[in-house]
Amino acid sequence: MTQLRLFDTYERKIRDLVPLQGNEVGLYACGPTVYNYVHIGNLRTYIFEDLLRRTIEHAGFELKHVMNITDVGHLTSDADSGEDKMEVGSRRSGMDAWGMAEFYTAAFKNDLEKLNIYPPHIWCKATDHIAEQISMIQELEGKGYTYPTSDGIYFNSRKLSNYGHLARLNIEGLLAGARVEQGERQYVTDFALWKFSKPDENRQMEWDSPWGVGFPGWHIECSAMSAKYLGDFFDIHCGGKDHIPIHHTNEIAQTEASRGTRLANFWMHGYFLELQNEKMSKSSGDFLQLISLADAGFDPLVYRYFCLTAHYRNELSFSWEGLVAAKTALNRLYEAAYEWGEPGEVSEHYRARFVEHLYEDLNVPRALAAAWELIRSDEPNDVKKATLLEFDEIFGLDIASWEPEEVSVPVDVQQLVTAREQARLDKDWSQADALREKILALGFIIEDAGDKTKIKPV
RNA sequence: GGCUGGGUGGCAGAGUGGUUAUGUCGCGGUCUGCAACACCGUUUACGCCGGUUCAAUUCCGACCCCAGCCUCCA
């Protein structure tokens, strides 16, 4: 059997995935901060995590997938200044912070479902785990890793000798950059564990703590919740690559300092979707959502297919042209599979090629290429069908359930089609062509398939 | 300015020290009354300059450019 190998950001190399315990793989994925809708760039990361999950399960491991919902404490600046995004979002949306969190969480889950992304086994919300976070901060305090300032409790990053290894941080370089507001922090890389409510702020979300009324810092939630559901040291932690230098770096610091273990055996990061002109910043409020693509006539699964064409560890350039290409390819794939009829035996040859690429750090573009070679091969149709359906357990494109769209044709168009068929029988080609033009002007394309005429909307 | 990564054919995007990625667009062909659909074929690419090598797009070094992080962000 082929060994599943994955790239680990921490060691910067591809290694065999060997579960820490038995056959179980614990996977923690950083979820969204629910102060707004997610954009298609965010969703690329969740598609990557879904492919990872499906591959791990395909390889025969038992997966436990945990995803958090950040519904408090994510400040508008990672330098621990600025406001809580939840409070800002609440003002913008006119909803209260709690209602807004629920609203955007539901919207997020809806997007995942449309993209055929399996939901995690456990969802966990930061606000449901305040006690766990406080207790972890207390552990850190007990071990001398914290210090207070006028606005909160901070983590002393200099007490860890290997702080920043994940990101290969060059602390002196950061200092030289001098673009970080240090405030009362003792060192640039120190970060907040607990923030005090300001007297004049009137926060909607705040809790009592041994240090005073306030709210947890952003990073502590992931350390506390992953430990609760997966243990202090678990198999895989993923997220977007932008989390490498700060969020994940700090999670590692917290867990290593409080629990004395490494946090995750593998760190995996999804790379960005790049747009030339479109904005992709969630906080600006001006960004492409899944619904924006649907409004432009692209099924969510077209976007999923689009993401399959690039490796997760490379940037992917978004363009509408690229989306059109994905739509065309996906439709050809659907139609071909539909025409093949019932599945038969799976081709061992293509299965082996598929698995070989997939298990080498999720080379999905290569696996997809293998699918196209299969489609254009001389294999019998029932073999092609069975094999492609097996591939689709990873691709997640719903190939099995696809059927041609039922087109409702207006009566006047139907009459023109009937007239054209008569003209063709009469071999009155100029009349037939003229009618085809008329039908096209009304928004329908004619395809003569044998003695039948297909009608498709433009 | 610092750090991390990247520059491949019209577009997107794999990969490799000498061997076909793949998809899409365009072009040619088969099919068709003509088209469309489908199928087949197809231009032959690896930022720039040096170096290593029998051989480099693939390894090494300099340079240029791009992206991300250091400010909100997957």
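Below, chains carry the letters A, B, ... as their sequence lines are ordered, and counting in each starts from 1.
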Whole angstrom value for the distance that separates [atom2] of [N] from [atom1] of [X]:
X       : N      : atom1 : atom2 : value
R353(A) : U22(B) : CZ    : C1'   : 11 Å
R424(A) : A35(B) : CZ    : P     : 13 Å
N381(A) : C39(B) : CG    : P     : 12 Å
L425(A) : C34(B) : CG    : P     : 16 Å
W267(A) : G5(B)  : CH2   : P     : 18 Å
L308(A) : A14(B) : CG    : C1'   : 14 Å
F191(A) : C70(B) : CZ    : P     : 15 Å
L358(A) : A14(B) : CG    : P     : 15 Å

(message) Is there, by distance only and without an angle test, a donor paired with an acceptor across the side chain of D448(A) and the base of C34(B) below 3.5 Å?
(response)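 Flag set: donor-acceptor pair detected.
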(request) Establish whether the base of G33(B) is bridged to the side chain of D433(A) by a donor-acceptor pair shorter than 3.5 Å. (result)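 Check passes, donor-acceptor contact within cut-off.
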Say we look at [N] and [M]: how far apart would their [atom1] atoms be, to the nearest angstrom?
N      : M      : atom1 : value
G26(B) : U43(B) : C1'   : 10 Å
C49(B) : C63(B) : C1'   : 7 Å
A45(B) : G9(B)  : C1'   : 4 Å
U71(B) : A12(B) : C1'   : 31 Å
C48(B) : A62(B) : C1'   : 11 Å
C66(B) : A56(B) : P     : 30 Å
U20(B) : C3(B)  : P     : 40 Å
A55(B) : G2(B)  : P     : 37 Å

Choose from [options] the nucleotide whose nearest atom is closest to any side-chain atom of [X].
X       : options                : result
L316(A) : A14(B), A12(B), U22(B) : A12(B)
E274(A) : G33(B), G13(B), A67(B) : A67(B)
F272(A) : A21(B), C34(B), G68(B) : G68(B)

(message) Which residue in the set R53(A), H121(A), E49(A) passes side-chain hydrogen bond (donor to acceptor under 3.5 Å, both in side chains) when paired with H65(A)?
(response)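 Considering R53(A), H121(A), E49(A), a side-chain hydrogen bond (donor to acceptor under 3.5 Å, both in side chains) with H65(A) is found only for R53(A).
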(message) So L263(A) and H248(A), do their side chains get closer than 4.5 Å, heavy atoms only?
(response)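 H248(A) does not reach L263(A) side chain to side chain.
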(request) Return yes when atom CD of E113(A) has more than 12 non-hydrogen atoms of other residues, nucleotides or ligands closer than 6.0 Å, and no otherwise. (result)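 Check fails, neighbour count at 12 or below.
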(message) Taking atom NZ as the centre, does K438(A) end up with more than 12 heavy-atom neighbours from other residues, nucleotides or ligands that are less than 6.0 angstrom away?
(response)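 Counting neighbours around NZ of K438(A), 12 or fewer heavy atoms of other residues, nucleotides or ligands fall under 6.0 Å, so no.
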(request) May I ask you to check whether Y28(A) and D235(A) show a side-chain donor-acceptor distance below 3.5 Å? (result)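 Y28(A) vs D235(A): no donor-acceptor pair found between side chains.
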(message) Looking only at side-chain N and O atoms, does Y312(A) offer a donor or acceptor that is under 3.5 Å from a partner on D361(A)?
(response)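 Note: D361(A) and Y312(A) side chains meet the donor-acceptor criterion.
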Collect all protein-nucleotide pairs involving nucleotides 23-25 of chain B in which both atoms are nitrogen or oxygen and the distance is under 3.5 Å.
from	atom 1	to	atom 2	distance (Å)
G23(B)	OP1	R376(A)	NH1	2.6
U24(B)	OP1	R332(A)	NH1	2.6

(message) If you assign each of E447(A) and H311(A) to its closest nucleotide in RNA chain B, which residue comes earlier from the 5' end?
(response)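 The residue whose closest nucleotide sits nearer the 5' end is H311(A).
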(message) Closest-nucleotide mapping onto RNA chain B: is R12(A) or Y312(A) further toward the 5' terminus? I mean the 5' end.
(response)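 Its nucleotide being nearer the 5' end, the pick is R12(A).
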(request) State whether R424(A) and E421(A) are salt-bridged, where the test is any N-O pair (Lys NZ or Arg NE/NH1/NH2 against Asp/Glu carboxylate O) under 4.0 Å. (result)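 Salt bridge absent between R424(A) and E421(A).
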(request) Output yes when R366(A) and E360(A) qualify as a salt bridge under the 4.0 Å nitrogen-oxygen rule, no when they do not. (result)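 A salt bridge is absent here (no side-chain N lies under 4.0 Å from a carboxylate O).
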Are [Y] and [X] an aromatic pair, judged by ring center distance below 6.0 Å?
X       : Y       : value
F108(A) : Y46(A)  : yes
F191(A) : Y154(A) : no
F395(A) : F354(A) : yes

Using a cut-off of 4.0 Å on non-hydrogen atoms, how would the nucleic acid contact of [X] be classed: base, sugar-phosphate, or nothing?
X       : answer
R44(A)  : nothing
G322(A) : nothing
R420(A) : base
H357(A) : nothing
I446(A) : base
P245(A) : sugar-phosphate

(request) Please determine if K64(A) forms a cation-pi arrangement with Y229(A), meaning its NZ or CZ atom is less than 6.0 Å from the six-membered ring centre and no more than 45° off the ring axis. (result)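 Cation-pi check for K64(A) and Y229(A): fails.
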(message) For a stem of at least 3 consecutive Watson-Crick or G-U pairs with distances under 3.5 Å, i pairing with j, i+1 with j-1 and so on, which stems involve RNA chain B?
(response)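 When the pairs of RNA chain B are grouped into runs of at least three, the stems are B:1-7 with B:64-70, B:10-12 with B:22-24, B:26-30 with B:38-42, B:49-51 with B:59-61.
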(request) Would you tell me if any nitrogen or oxygen in the side chain of N314(A) comes within less than 4.0 Å of OP1 or OP2 on A14(B)? (result)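 Yes, such a contact exists.
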